Amino acid sequence: MQCAPISNSADIVIIGGGVIGCAAAYELSGAGLDVVVLDKGPIGGAASSASAGLIVPLHATDDGQRTPLFDLYWASSCIFPQLVSELEETTGIQVDYDPSGSMRVAADDNEQDLLRESFRGWEAMEELTVEWVDGNSLRRDEPGLSPEIRCGVISTDEQSIHPGRFTHALARGALGRGAQIRTGCPATTIRHQDGRFLGVTTAEGDIDACELLIAAGAWSRVPCAWLGVDVPISPARGQMLSLRPVAESLSRPLFSYNGAVLPKPDGTIHVGATVELVGFDTRTTAGGIATVLEIVPRLVPGLSDAAMEAAWSGLRPWCEDGIPAIGRLPGCEGITIASGHFKMGILGSPITARTVKNLVVDNVIDPLIAPFSPNRFLEVNA
Ligand SMILES: Cc1cc2nc3c(=O)[nH]c(=O)nc-3n(C[C@H](O)[C@H](O)[C@H](O)COP(=O)(O)OP(=O)(O)OC[C@H]3O[C@@H](n4cnc5c(N)ncnc54)[C@H](O)[C@@H]3O)c2cc1C
């Protein structure tokens with residue numbers, strides 16, 4: 001990716017070039033702002049490229065109850081079709097967008113009861129299209145499924161995307177709209193005076209700006225701490241792997257209560273993922289990969305013969321109450337945070353970017369993000 005030379009002033013600096021920072025850069029530069037994105041590594045090099053790329057809003061309402069998180073992520077999922085065609089056309093990056101839906105399955109009494117309960121809730125939500133299917137009918141469409149699977153729910157609302165390419169397309173789209181992107185350039189402190197943001201110090205010099213967006217993923221607690229504010233975002237490691245099956249085994253993403261098996265356009269199957277609170281340790285481990293592999297024979301027995309191609313991990317940004325922090329940081333005018341999207345940052349990126357633009361450009365708090373204000377955590381210590 002071609003990066004313009006860094007300038008020493010901007011309307012807004014974004015710390016973090018993951019999917020959240022790049023989506024925000026795309027929206028904000030589209031609104032005419034002079035945007036600089038800083039990343040200490042490459043674009044999308046952290047959680048965003050490690051992701052499974054699922055755009056699955058039902059995950060935000062596992063128990064079938066409508067919540068503010070579901071409303072936020074449903075609104076986000078509805079943006080994808082238009083956003084993807086706009087990005088593919090303007091950037092030339094193909095993002096493997098697949099709107100063909102998903103299935104959730106149950107393999108024992110307990111799982112069947114849980115899934116039935118969720119299904120009742122999903123069925124009552126008018127925006128969702130879900131269907132209850134017995135095990136034999138599922139296997140007619142997906143012959144590779146285990147005979148142990150008793151039933152499932154098909155959703156035609158869910159989508160998937162190549163998360164790394166999507167992040168790069170957002171970054172390239174932002175560049176095309178005049179944003180500057182600086183990789184390998186960590187922000188090292190935030191300059192502020194009399195309760196007003198002044199700029200960011202980087203490894204390559206100072207940048208003065210009117211506004212700052214903290215979108216530093218699992219590291220977002222660090223820039224908040226520079227301001228004397230504690231937003232409790234921590235890393236939650238996820239390990240995944242990819243398999244190369246000998247024959248076609250599955251046509252759409254499959255979720256169970258123990259993990260997911262995900263067919264990809266390149267013919268591989270991705271399987272995952274663990275959720276581990278182990279700090280900033282990005283290793284893939286024997287125990288983690290063993291846990292992930294356990295689900296394969298239980299769901300799609302034929303995959304036991306597949307070749308292992310790769311294993312990887314990423315650090316999801318996890319807020320201690322499980323929901324993201326999106327909104328103005330109190331105590332210092334001109335600073336916004338958008339982080340803590342945990343398992344759903346790819347899904348949540350378009351609506352996060354739009355609502356951040358509304359905040360920064362129009363000073364409007366969209367009702368969709370009101371429940372996610374960082375004020376819920378905050379005591380200002382400095
Ligand atoms: C295994 C796995 C599977 C997942 N599957 C899905 C899925 O299917 N669907 C979904 O929606 N989500 C999924 N997620 C979650 C999703 O990947 C994350 O929620 C999302 O990528 C978070 O994006 P982000 O931009 O906040 O963070 P990141 O992508 O981590 O980006 C943050 C960036 O900030 C940079 N940074 C940090 N500190 C500084 C600093 N001081 N200066 C400059 N740069 C800095 C980092 O280098 C990094 O590039 C998955 C995650 C994992 C790990």
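Whatever order the structure lists ligands and atoms in, that order sets their numbers, starting from 1. Since this is a predicted model, take the numbers as computed values, not measurements. Positions are given from 1 along the sequence. Side-chain atoms are counted along with the backbone in the values below, which use heavy atoms only and exclude waters and symmetry mates.
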Colleague: Find out whether the Lys NZ or Arg CZ of K343 is both under 6.0 angstrom from the six-membered ring centre of W318 and within 45° of the ring's axis.
Modeller: no
Colleague: Note the single closest protein heavy atom to atom 31 (O) of ligand 1, along with its residue, its atom name and the distance in Å.
Modeller: G18 CA, 3.4 Å
Colleague: Can you list the atoms of ligand 1 that are under 4.0 Å from a heavy atom of M240?
Modeller: 1 (C)
Colleague: Do NZ/NE/NH1/NH2 and the carboxylate oxygens of R196 and D194 come within less than 4.0 Å?
Modeller: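 No.
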Colleague: Working note: Y73 + H59, criterion ring-ring contact (aromatic ring centres under 6.0 Å, His included); need CA distance, chi angles, decisive distance, verdict.
Modeller: CA-CA 9 Å; Y73 286 152; H59 273 19; over 10 Å; no
Colleague: Could you find the nearest protein heavy atom to atom 24 (P) of ligand 1 and give me its residue, atom name and distance?
Modeller: I20 CG1, 3.8 Å
Colleague: Applying the side chain to side chain contact (heavy atoms under 4.5 Å, CB included) test to C185, which of T202, I207, V37 qualifies?
Modeller: T202
Colleague: Decide whether a cation-pi geometry holds between R177 and Y26; the criteria are a distance under 6.0 Å from NZ or CZ to the six-membered ring centre and an angle within 45° of the ring axis.
Modeller: yes
Colleague: Numbering the atoms of ligand 1 from 1, which are under 4.0 Å from a heavy atom of A216?
Modeller: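 Reading through ligand 1 atom by atom, the close ones are 32 (C), 34 (O), 37 (C), 38 (N).
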Colleague: Below 3.5 Å, N or O to N or O, backbone or side chain included: is there any such pair between A52 and ligand 1?
Modeller: yes
Colleague: List ligand 1 atoms under 4.0 Å from P186, heavy atoms only on the residue side.
Modeller: 42 (N), 43 (C)
Colleague: What protein heavy atom lies closest to atom 12 (N) of ligand 1? Include the residue and the distance to one decimal.
Modeller: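 For atom 12 (N) of ligand 1, the nearest protein heavy atom is K343 O, 2.9 Å.
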Colleague: Which part of Q239 is near ligand 1, with near meaning a heavy atom under 4.0 Å away: side chain, backbone, both or neither?
Modeller: neither
Colleague: Distance to 0.1 Å, residue and atom name: give those for the protein heavy atom nearest to atom 40 (C) of ligand 1.
Modeller: I15 CG2, 3.6 Å
Colleague: Within the 4.0 Å heavy-atom shell around A46, which atoms of ligand 1 are there?
Modeller: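 Those atoms are 30 (O), 48 (C), 49 (O).
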Colleague: Quick test of your reading of the structure: of G53, G340, G41, A50, whose heavy atom lies closest to atom 2 (C) of ligand 1?
Modeller: A50
Colleague: Enumerate the atoms of ligand 1 whose separation from the nearest heavy atom of S51 is less than 4.0 angstrom.
Modeller: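 Those atoms are 2 (C), 3 (C), 4 (C), 5 (N), 6 (C), 7 (C), 8 (O), 9 (N), 12 (N), 13 (C), 14 (N), 17 (O), 50 (C).
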Colleague: Got the closest protein heavy atom to atom 15 (C) of ligand 1, with its distance?
Modeller: F342 O, 3.0 Å
Colleague: At less than 4.0 angstrom from any non-hydrogen atom of A187, what atoms of ligand 1 do you find?
Modeller: 40 (C), 41 (N), 42 (N), 43 (C)
Colleague: Under 4.0 Å from a heavy atom of D39: which atoms of ligand 1 are those, numbered in the order shown and with their elements?
Modeller: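 So the atoms of ligand 1 that pass are 33 (C), 34 (O), 35 (C), 43 (C), 44 (N), 46 (C), 47 (O), 48 (C), 49 (O).
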Colleague: How far is atom 8 (O) of ligand 1 from its nearest protein heavy atom, and which residue and atom name does that atom have?
Modeller: L54 N, 2.8 Å
Colleague: Check this for me: L114, atom CG, are more than 12 non-hydrogen atoms of other residues, nucleotides or ligands nearer than 6.0 Å?
Modeller: yes
Colleague: Would you say R316 has any N or O atom under 3.5 Å from an N or O of ligand 1, going by distance alone?
Modeller: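 The answer is no, given that R316 and ligand 1 share no N or O pair closer than 3.5 Å.
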Colleague: Mind checking what makes side-chain contact (heavy atoms from CB on, under 4.5 Å) contact with P265, not counting sequence neighbours?
Modeller: D96
Colleague: Here's one to test your reading of the geometry: is the NZ or CZ of R104 within 45 degrees of the ring axis of W122 and under 6.0 Å from its centre?
Modeller: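 Here R104 passes the 6.0 Å and 45° test against W122.
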Colleague: Identify the closest protein heavy atom to atom 20 (C) of ligand 1: which residue and atom is it, and at what distance?
Modeller: G345 CA, 3.8 Å
Colleague: Could you see which bit of I346 sits under 4.0 Å from ligand 1, with heavy atoms only: side chain, backbone, both or neither?
Modeller: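 It is both backbone and side chain that touch ligand 1.
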Colleague: Is there a nitrogen or oxygen of A47 sitting under 3.5 Å from a nitrogen or oxygen of ligand 1?
Modeller: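 Among all N and O atoms of A47, at least one is under 3.5 Å from an N or O of ligand 1.
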Colleague: Output the list of atoms in ligand 1 that are nearer than 4.0 Å to some heavy atom of G16, sorted by atom number.
Modeller: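 Every atom of ligand 1 under 4.0 Å from some heavy atom of G16: 33 (C), 34 (O), 35 (C).
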Colleague: Would you please classify the geometry between the Y97 ring and the F80 ring as parallel, tilted or perpendicular, with 30° and 60° separating the classes?
Modeller: parallel
